Amino acid sequence: MSLVLYNTLSRSKQLFTPIDPQRITMYVCGPTVYNRVHIGNARPAVVFDTLFRLLQSLYPNVQYARNITDIDDKIMNRAAELDEDISALSERYAQAYFEDMAALNNLEPSIVPYATQHIPEMINMVKRLVDKGHAYVAEGNVLFAVQSMPDYGVLSGRSLDDMLAGARVEVASYKQYAGDFVLWKPSADHEPGWDSPWGRGRPGWHLECSAMIEKHLGETIDIHGGGQDLIFPHHENEIAQSCCAHDGKPFTNYWLHNGFINVEGEKMSKSLGNFRMVNDLLDQYPGEVLRYVLLSAHYRSEQQFSKDLLDSAWRSLDTLYGFLRGQSPCNAVINRDSAGFKALLDDLNSPVAISELYRLAKQMHAASGEAKDALQAELMGLAGLMGLLHQDPEHWFTLARGDSDISVEDIERLIAKRKQAKLDKDYAGADQVRQDLLDLGVVLEDSREGTSWRRG
RNA sequence: GGCGCGGUAGCAAAGUGGUAAUGCAGUGGACUGCAACUCCGCCAUCGUCGGUUCGAUUCCGACCCGCGCCUCCA
């Protein structure tokens, strides 16, 4: 029973060895709350939620922090656009984010720190960096001097010169070195700001994570996750800030990064206008369908996303819930020797774990008595680690699909009518009722016990 | 220019030095009054060209194609 994780730092899979098995620490970069989130934002949340569940099955205490960035130029711009108060806007979207994440059956992280509630900690960290000679003040800005850190670039595998060679952003004149980044920047009177030793201002983009990790999780943490695009500069800069503030002490032992999502074969981007917002998708699909899709590919792979995929994922879940239909609820049991559990231990191989769900479900279906109950418990244990199959099966099949809006009462009334037609040997009439229901998105299934139905 | 990733059946997606999981779709059969569900079966030689090897989809090299990052970005 050993967890193996792919560490971006070493570019290889490594056996996970916690700093303290009694307290696992994991941090994942959360959203900047200036808008609703899209499916790409949901991927790390689902992936690392699954890792959180897995870690909780292995260790007694897992501290998982996922932040809310509620101060940022994007938020300020958006607030100006909408003529809305900045804090009201960020709180509104933070709540929307929590709703979306809950709909995807993500557990609440142990800690949800807000950037604006950690300004003193951030200022304190900047002070230390200035005192230690890793940062300097220029025109009201405090900048991190990347040349003061020999290891800068270790995560992304770039040298300073390489980075500057391809830089496509104009270098601010006050920077001592083009690669230096902002820790603290001045705020104009109309902009939000906090008093600091360098005047009224606000934190730079990278600072908050370092400060909040230090406060809530410690100077060195086990796992840090996020999207691949955050490797540089965000995570590189977090390393620089934290290591230099802590006199070179390691910051994160295992860096995990999830891949991107393509929509209908193209990158999801603002310019293509093909963002898939989570709440829009939730209008048409159960959150579990989105979650199933997100876990059907390995987290480090680029993933294809399309309407067809959502539809087929829904049918895939129908198959699993179909096996569970008629089974009494049971207590989930995690079988630590099972292929599914081992797959998850192997760098979170959720596609293989999902395939094991089918194997277990079919085995359960074929079994009886205690063996059947045991298989059901194992199935639910594995599904639970991935946050799947948590709904009542009967309820699952009543979930509205597409534009079908026939009521449960009407469905049952028609089923009764068909039953009578069958008793009268009026098969044409019975078939007509069944076809009418099918046209309304309701599928009938006859069995010895009678007729059951599902929307599909 | 620098760094990195990927190309597996209609779609999606694992995986392995010894002829390729799983799901959806399709298809043949059983079951059924007919269906649906379920069950049994079928459905790929892994981008191209070389090399290493008894043997490569899996290792190495070249090439083609697609993609990401290089201080907004999951």
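Letters A, B, ... mirror the listed sequences (proteins, then strands); counts begin at 1. Values below: all heavy atoms of this structure, side chains included; hydrogens, waters and symmetry mates excluded. This is a predicted model, so every value here is computed, not measured.
- Contact annotation for Ile39(A): no contact, since no heavy-atom pair falls under 4.0 Å across all strands.
- Identified under the salt bridge (charged side-chain N to carboxylate O under 4.0 Å, His left out) test for residues 137-151 of chain A, with sequence neighbours left out: none.
- For residues 351-368 of chain A, the salt bridge (charged side-chain N to carboxylate O under 4.0 Å, His left out) pairs, not counting sequence neighbours, are Glu356(A)-Arg359(A).
- In this entry the distance linking CE of Met277(A) with P of A74(B) reads 11 Å, nearest Å.
- With rounding to whole Å, Met386(A) atom CE is found 13 Å from G23(B) atom C1'.
- Of the candidates U71(B), C69(B), A74(B), the closest approach to any side-chain atom of Arg158(A) belongs to C69(B).
- Considering CZ of Phe48(A) and CZ of Arg66(A), their distance stands at 11.5 Å, rounded to 0.5 Å.
- Within 4.0 Å (heavy atoms only), Arg43(A) reaches no atom of the nucleic acid at all.
- Under the rule for a ring-ring contact (aromatic ring centres under 6.0 Å, His included), Phe305(A) has no partner lying at least two apart in sequence or in another chain.
- Taking the centre of each ring, Tyr34(A) and Tyr93(A) stay at or above the 6.0 Å mark.
- As rounded to whole Å, 13 Å separates atom C1' of C70(B) from atom OH of Tyr177(A).
- Heavy-atom nearest nucleotides on RNA chain B were determined for Arg11(A) and for Asn262(A), and the one closer to the 5' end corresponds to Arg11(A).
- Tyr321(A) pairs by the ring-ring contact (aromatic ring centres under 6.0 Å, His included) definition with Trp396(A), not counting sequence neighbours.
- Taking atom P on both nucleotides, A12(B) is separated from G47(B) by 15 Å, rounded to a whole Å.
- In this structure, Ile261(A) places its CD1 atom 14 Å from P of G68(B), rounding to the nearest Å.
- Residue order along RNA chain B, read from the 5' end via each residue's closest nucleotide, puts Tyr6(A) first among Tyr6(A) and Arg315(A).
- Taking a cutoff of 4.0 Å between a charged side-chain nitrogen and a carboxylate oxygen, Asp280(A) and Arg276(A) do not qualify as a salt bridge.
- Atom OH in Tyr152(A) sits roughly 12 Å away from atom P in C70(B) (whole-Å rounding).
- Look at NE2 on His224(A): it is 13 Å from P on A74(B), rounded to the nearest Å.
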For a quick check, with a 4.0 angstrom heavy-atom cut-off, what is the B/S/- contact string for nucleotides 8-16 of chain B, read 5' to 3'?
----SSSS-
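- In this pair, Phe260(A) does not lay its aromatic ring on the base of G68(B); centres under 5.5 Å and planes under 30 degrees do not both hold.
- Residues in residues 378-396 of chain A take part in these salt bridge (charged side-chain N to carboxylate O under 4.0 Å, His left out) pairs, two or more places apart or across chains: Arg325(A)-Glu394(A).
- Comparing the P positions of A30(B) and U22(B) gives an interatomic distance of 24 Å, to the nearest angstrom.
- Listed by first and then second residue, the salt bridge (charged side-chain N to carboxylate O under 4.0 Å, His left out) pairs that reach into residues 26-47 of chain A are Arg36(A)-Asp100(A), sequence neighbours excluded.
- Judged as a side chain to side chain contact (heavy atoms under 4.5 Å, CB included), and not counting sequence neighbours, the contacts of Lys267(A) are Phe260(A), Asn262(A).
- Legend: residues meeting side chain to side chain donor-acceptor pair (under 3.5 Å) with Ser148(A), ordered by chain and number and at least two apart, are His134(A).
- The shortest non-hydrogen separation linking Ser187(A) to Gly193(A) is OG-CA, 3.8 Å.
- The aromatic rings of Phe181(A) and His206(A) stand perpendicular to each other, their planes meeting at an angle above 60°, with 30° marking the opposite boundary.
- With respect to the salt-bridge test (charged N to carboxylate O, under 4.0 angstrom), the residues Arg434(A) and Asp439(A) do not qualify.
- The nearest whole Å value for the distance from the NZ atom in Lys425(A) to the C1' atom in U32(B) is 13 Å.
- Residue contacts for Gly227(A): at a heavy-atom cut-off of 4.0 Å it reaches the sugar-phosphate backbone alone, with no base atom in range.
- Using a cut-off of 4.0 Å between Lys/Arg side-chain N and Asp/Glu carboxylate O, Asp49(A) and Arg53(A) are scored as salt-bridged.
- With rounding to whole Å, Phe181(A) atom CZ is found 16 Å from C72(B) atom C1'.
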Once Watson-Crick and G-U wobble pairs under 3.5 Å are found, how is RNA chain B written in dot-bracket notation, 5' to 3', with | for any base paired to another strand?
(((((((..(((.....[...))).(((((.......)))))....(((((..]....))))))))))))....
Per-nucleotide protein contact string for nucleotides 26-31 of chain B (B base, S sugar-phosphate only, - none; heavy atom under 4.0 Å)
------
Taking protein heavy atoms under 4.0 Å as touching, what does nucleotides 33-45 of chain B look like 5' to 3' if B marks base contact, S marks sugar-phosphate-only contact and - marks none?
BBBBSSS------
